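Chain letters run A, B, ... following the sequence lines, proteins first, then strands; residues in each count from 1. Note that the structure is predicted; figures quoted are calculated from it, not measured.
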Protein chains: 2
Amino acid sequence: MNYDEAKNKFISTWGSLGTLWGINKAMAQIHALLLISPEPLSMEDIMEQLQISRGNTSMNLRQLMDWGIVFKENKMGERKEYFTSEKDVQELARQIAKERSRRELQPTIKILKDVSNIDEDGTAKTKELIKQTKALHEMADTLDTLMNRVIGQDHNWITKALVKLIK
Amino acid sequence: MNYDEAKNKFISTWGSLGTLWGINKAMAQIHALLLISPEPLSMEDIMEQLQISRGNTSMNLRQLMDWGIVFKENKMGERKEYFTSEKDVQELARQIAKERSRRELQPTIKILKDVSNIDEDGTAKTKELIKQTKALHEMADTLDTLMNRVIGQDHNWITKALVKLIK
DNA sequence: TTAATATTTCAATATTTTTTGAAAGTTTGA
DNA sequence: TCAAACTTTCAAAAAATATTGAAATATTAA
């Protein structure tokens, strides 16, 4: 496998994997491209390399910046904007975990809490609803804590210890 | 909030959350319904409660069974098939982690490994591609181990210790 | 202030994904 | 073996999502 093959394989794999962490194909591909690019890229560069439209590129770059994993960069004496991705994969994971917690997990936790707090009326169906949503609430809460703390900050130390412990 | 409101809220939340763990709305809603139902439900029951077609119900039940989180049950003297979900949320999480590892993480790890093994040709772009895909490979590998071991089996003990340690 | 360059927005379009429903298939009791 | 009860399949339709591209907006150098 040569460079170009490897590059394309990586970009398309990352692209289809995107849906997995909740982002669309173009967005994931732009991210992949920036992640392996030693130099910041302009919008033109990205459009050309991925064969996508200007509008698409613009919107998805914005979203990637909202996720906090892609940044604008300005080159001196140039009007054009350039973009880079977060290159440290630990930091990348941290940022993604943080955003997913905020966007998905926390709202869910809130709803589970509300639902599990309805009045117990003695019927089997109510008991079951309360029991299961309570269990899910507890689990989601644990997961949220883990995501925000373990992956959270002083990552490497804990992860390494954990992996050694378990592997 | 009364029972019906809570139930609907739970089902629709779980439904939209489905996309998050990689399954579609109907599938997630069927799962939610079964999870809080004290009794096994028939296909008719499900169709009626969720207002979805027979075909849709059939296909999605099959997929849930493929995921190993919904089971067929036969009532004596009845021809109809009934369905239940895995009720233990720990076991549910374990099963989902296992399947996601198998379906998504492991294939990705394989590709990252291949891509990161291309020949170093001394150019900056090749260096960067190798460096980043290696880092991702390592991280994906760690994540896979964690998913399969921590959530894996003797769950509660480790999780509790971990949470205590971190919280 | 203008004109050139660059970016964003968004309605229209294209693509992908999900859902339907009826026909085909399966199972079982008589 | 038949036919009733039930389930699965899959082509067509609907719905949801992503993408385009051109007009509108913004930015800057002269």
d([atom1], [X]; [atom2], [N]) in whole Å:
X: B:Gln29; N: C:dT18; atom1: CD; atom2: C1'; result: 12 Å
X: B:Glu78; N: C:dT27; atom1: CD; atom2: P; result: 18 Å
X: B:Leu41; N: D:dT7; atom1: CG; atom2: P; result: 13 Å
X: A:Ile30; N: D:dT19; atom1: CD1; atom2: P; result: 9 Å
X: A:Lys25; N: C:dT16; atom1: NZ; atom2: P; result: 7 Å
X: B:Lys72; N: C:dT26; atom1: NZ; atom2: C1'; result: 11 Å
X: A:Met43; N: C:dT9; atom1: CE; atom2: C1'; result: 12 Å
X: B:Lys80; N: C:dT28; atom1: NZ; atom2: C1'; result: 15 Å

> How sharply is the helix from C:dT1-D:dA30 to C:dA30-D:dT1 bent, taking the axes over five pairs at either end and rounding to 10 degrees?
Replying inline: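 End axes: 20° apart.
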
>> Give me the atom names and distance for the closest heavy-atom approach of A:Ser116 to A:Ile130.
In response: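 Shortest heavy-atom contact: O-CG2, 3.7 Å.
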
With a 4.5 Å cut-off on side-chain heavy atoms, are [Y] and [X] touching?
X: A:Lys98; Y: A:Trp67; answer: no
X: B:Leu50; Y: B:Asn56; answer: no
X: A:Val115; Y: B:Thr13; answer: no

> Do you know which of B:Arg54, B:Lys80, B:Gln49 makes side-chain hydrogen bond (donor to acceptor under 3.5 Å, both in side chains) with B:Glu44?
Replying inline: B:Arg54

> Is B:Arg94 salt-bridged to B:Glu91, cutoff N-O under 4.0 Å?
Replying inline: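 Yes, B:Arg94 and B:Glu91 are salt-bridged.
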
> What do you reckon, is NZ of A:Lys75 surrounded by more than 12 foreign heavy atoms closer than 6.0 Å?
Replying inline: yes

>> Tell me whether the count of non-hydrogen atoms from other residues, nucleotides or ligands lying under 6.0 Å of NZ in B:Lys25 goes above 12.
In response: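 At most 12 heavy atoms, drawn from other residues, nucleotides or ligands, come within 6.0 Å of this atom.
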
>> If we count only N and O atoms by modelled type, under 3.5 Å, do the side chains of A:Gln106 and A:Ser101 hold a donor and an acceptor together?
In response: yes

> Just checking, any donor-acceptor pair under 3.5 angstrom between side chains of B:Glu128 and A:Ser37?
Replying inline: no

> The side chain of B:Ile52 lies closest to which of these nucleotides: C:dT19, C:dT20, D:dA18?
Replying inline: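 In terms of side-chain proximity for B:Ile52, the closest of C:dT19, C:dT20, D:dA18 is C:dT20.
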
> Applying the side-chain contact (heavy atoms from CB on, under 4.5 Å) test to A:Ile69, which of A:His31, A:Glu99, A:Gln63 qualifies?
Replying inline: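 Result for side-chain contact (heavy atoms from CB on, under 4.5 Å) with A:Ile69: A:His31.
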
Contacts under 3.5 Å, N or O only, protein and nucleotides 26-30 of chain D:
residue : atom : partner : partner atom : Å
D:dT27  : O2   : A:Arg79 : NH2          : 3.2
D:dT28  : O2   : A:Arg79 : NH2          : 3.2

>> At a heavy-atom distance below 4.0 Å, what parts of residues 53-69 of chain A sit against DNA chain D?
In response: A:Ser53, A:Gly55, A:Asn56

